[in-house]
Structures are given as C-alpha cells and as structure tokens.
Amino acid sequence: MRARKNILYLTNRVPYPPDKGDKIRSFHQMDHLARFHNVYCAAFADTPEDLSRAATLRQWCAAVAVVPWGRAAAMTRATCALPGRNPLSLAAYRNPNMSRCLSEWAGNVSFDAVIAFSSTMAPYALGVPAGRHVLDLCDVDSQKWLDYADRATWPMSMVWRTEGTRLRIYEQWCLRRFDAVLLITEQESRILDPRQRGPTIGVIPNGVRLPPAAPPPASRLGPVVGF
C-alpha cells in the first residue's frame with residue numbers, strides 16, 4: 001500500500017463549506033488529498049462563521065489552524081506597504097500568528113509537500129521546509145488589478161496598476177521558486193508566461209461532480225438551465 005505523506009495545505013480562506021468559486025476548488029483538493037495522506041490545513045478566517053468551522057475541517061485533517069483575518073487591519077498593512085516594492089496583497093495577509101503556527105508545526109512534523117492556495121499564501125509556504133512546494137494561483141491575479149487600473153480613475157488607477165505590476169513580478173518569481181505552479185486555464189498560463197518557457201507551470205481545470213445516477217431525460221423535466 002502507498003505510504004501516507006504529510007501535506008501542509010495553506011489557503012487564504014477557510015475551505016468549507018464549498019459554496020463559492022475558490023472554496024469549491026480548495027475544498028475538493030483538500031478532500032482528495034485527505035483520502036490518501038495526512039493533511040494539515042492552515043487558513044485565514046474573515047468572518048466569525050469561518051472561525052466556527054474549524055472543528056468541521058477536522059473530519060478531513062490531521063490538524064487545523066484557523067487564524068482570524070480582519071479587513072480593516074489588512075487595509076492598513078497594505079497602505080503602509082505602498083511606498084515599498086512588495087505587492088500590497090501580500091502585506092494585507094502578513095500575520096505573525098499564522099507564521100508562529102506554521103513554525104510550530106514545522107518543528108514537529110516532517111512535511112513531504114506544502115501546497116499554497118493563492119499567491120497571498122506563497123510566502124508562508126516557502127518558509128516551511130518540505131520535499132516539494134506547490135502553488136495554485138488559480139488565476140493570474142496581477143492581470144485582474146491591471147484590468148481594474150484601465151477602467152478606474154486616479155488615484156485608484158495608480159494604486160491598482162502599482163499592485164498589478166508588483167504582483168506580476170512576484171508571480172513570475174514564484175515560477176522559479178516553486179516546484180509547480182498551477183493555473184485553471186491555458187489562457188491564464190499564457191498570460192503569466194507568454195513564451196511558455198516555464199517548466200513548472202501546470203494547468204488543472206475546475207472539475208464537475210456528476211450525480212451518482214443519470215438524471216431523467218430533459219424532455220420529462222421541462223425547462224433546463226445549464227451553467
């Protein structure tokens with residue numbers, strides 16, 4: 001039988017319940033990994049409800065750490081980072097409690113792999129020793145900020161463009177530091193790496209969980225809407 005590995009799974013939002021886009025992807029990743037390995041999940045909680053769901057995550061995980069994340073404090077950290085060179089979103093998610101928790105885990109557990117969900121969790125992942133580091137960017141967030149800049153007026157256009165530029169540099173730096181960087185579509189891959197020279201980039205589309213039994217034919221159901 002395959003030996004169970006110790007996997008650290010980091011996400012910027014509690015991956016339960018799977019009721020919105022990023023949570024759906026992160027939850028099913030964690031669920032699949034937990035079937036075969038020991039998953040240690042650390043996540044931020046931006047609502048009291050997310051804090052209360054830590055106990056539920058223990059159904060899948062060997063250990064769970066949920067750290068409160070406040071939007072007001074995050075905005076203050078991001079604003080203070082504006083004169084520097086680092087992405088504002090990374091500053092927004094800088095948290096000593098998360099760093100302390102991961103340091104304690106790393107001191108007691110030998111991790112075979114660390115998976116970071118979103119660029120905001122990348123610094124935490126690289127700070128934990130492991131045999132393999134994986135970053136799931138999902139989308140190229142830097143492009144989102146650059147698109148916002150094109151549609152906004154000053155001064156927010158300047159803020160969004162600054163963040164988009166800084167984050168793009170950081171995302172491309174991650175291509176050299178992580179063993180694998182994942183995106184949802186080939187189009188996102190071409191945005192991040194136009195020349196397709198990055199050997200670490202992989203594309204894993206979002207899946208669909210099919211019903212266990214075939215549904216009745218549409219002719220018997222009336223109007224049917226597919227999304």
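For reference, positions follow the sequence shown, starting with 1.
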A side-chain contact here means heavy atoms from C-beta on lying under 4.5 Å apart; do L33 and Y9 qualify? yes

Which class fits the ring pair Y16 and F27: parallel under 30°, tilted 30 to 60°, perpendicular over 60°? tilted

Of all the heavy-atom pairs spanning R166 and R85, show the shortest one and how long it is. CD-O, 3.3 Å

Heavy-atom pair with the smallest gap, counting every atom of R4 and F36: CG-O, 3.2 Å

Taking the side chain as every heavy atom from C-beta outward, state whether V64 and T56 have any atom pair closer than 4.5 Å. no

Under 4.5 Å between side-chain heavy atoms, hopping through other hydrophobics if needed: is there a path connecting Y40 to L57? no

Side chains of C41 and P15 in contact at under 4.5 Å (non-hydrogen atoms): yes

Determine whether V114 and V67 fall in the same hydrophobic cluster, where Ile, Leu, Val, Met, Phe, Trp and Tyr are linked whenever their side-chain heavy atoms lie under 4.5 Å apart. yes

Contact between P68 and L51 at the side-chain level, heavy atoms closer than 4.5 Å - yes or no? yes

Approximate separation, where rounding is to 0.5 Å, of L102 CG and R100 CZ: 11.0 Å

Could you walk me through whether I184 and I204 pass the side chain to side chain contact (heavy atoms under 4.5 Å, CB included) check? CA-CA 5 Å; I184 293 177; I204 299 181; over 6 Å; no

Side chain proximity check, N206 to I24, heavy atoms < 4.5 angstrom: no

In sequence, state the C-alpha distance, the side-chain angles, and the governing distance for D147 and Q143, and then conclude on side chain to side chain donor-acceptor pair (under 3.5 Å). CA-CA 6 Å; D147 290 343; Q143 189 62 47; 3.1 Å; yes

Could you tell me whether a side-chain N or O of D179 sits under 3.5 Å from a main-chain N or O of H133, the two making a donor and an acceptor? yes

Check whether any side-chain heavy atom of I115 sits under 4.5 Å from a side-chain heavy atom of L10, and report yes or no. no

Taking side chain as C-beta onward, heavy atoms only, is D112 less than 4.5 Å from R132? no

For R220, is the CZ atom crowded, meaning more than 12 foreign heavy atoms sit under 6.0 Å from it? no

Are D50 and K23 side-chain neighbours, meaning at least one heavy-atom pair lies under 4.5 Å? yes

One pair to check against side chain to side chain donor-acceptor pair (under 3.5 Å): E163 and S89. What are the steps and the verdict? CA-CA 8 Å; E163 174 64 356; S89 51; 2.7 Å; yes

Between the side chains of N6 and N38, is a donor N or O closer than 3.5 angstrom to an acceptor N or O? yes

Closest non-hydrogen contact found for L146 with R161 is CD2-O, 4.0 Å

Answer with yes or no whether the side chains of D31 and W60 bring together a donor and an acceptor at under 3.5 Å. yes

Just checking Q187: does its CD atom have more than 12 heavy atoms from other residues, nucleotides or ligands closer to it than 6.0 angstrom? no

Applying salt bridge (Lys or Arg N to Asp or Glu O under 4.0 Å), name anything that partners R13, two or more places apart in sequence or on another chain. D22, D46

Judged by atom type as modelled, is there a donor-acceptor pair below 3.5 Å linking the side chain of R94 to the main-chain atoms of A78? no

Backbone N or O of D141 within a donor-acceptor pair of the E171 side chain at under 3.5 Å? yes

Starting from F111, can I reach I7 by hopping between I/L/V/M/F/W/Y residues whose side chains sit under 4.5 Å apart? no

CG of L182 to OG of S189, rounded to nearest 0.5 Å, is 10.5 Å

Backbone of E49 reached by a side-chain donor or acceptor of S52 within 3.5 Å: yes

Is the backbone N or O of S142 less than 3.5 Å from a side-chain atom of R168, with the two atoms forming a donor-acceptor pair by type? no

Starting at CG of N12, measure out to CE of M121 and round the result to the nearest 0.5 Å. 6.5 Å

Heavy-atom pair with the smallest gap, counting every atom of M30 and C61: SD-SG, 3.8 Å

Is the distance between the ring centroids of Y124 and Y93 under 6.0 Å? no

Given a cutoff of under 4.5 Å between side-chain heavy atoms of I, L, V, M, F, W and Y, with clusters grown through shared members, what are the other residues clustered with W145? L82, L88, L90, L126, L135, L137, V140, Y148, W154, M156, M158, V159, W160, L167, Y170, W173, L175, F178, V181, L183, I191, L192, I201

To check you understand the geometry: which heavy-atom pair defines the closest contact between A74 and A92, and what is its length? CB-O, 3.4 Å

Could you give the distance from OG (S110) to NZ (K5), rounded to the nearest 0.5 Å? 10.5 Å

Quick check: closest heavy atoms across S119 and P123, and the distance to 0.1 Å? O-CD, 3.5 Å

Could you see if F117 belongs to whatever hydrophobic cluster contains V14? Use Ile, Leu, Val, Met, Phe, Trp, Tyr and a side-chain cutoff under 4.5 Å. yes

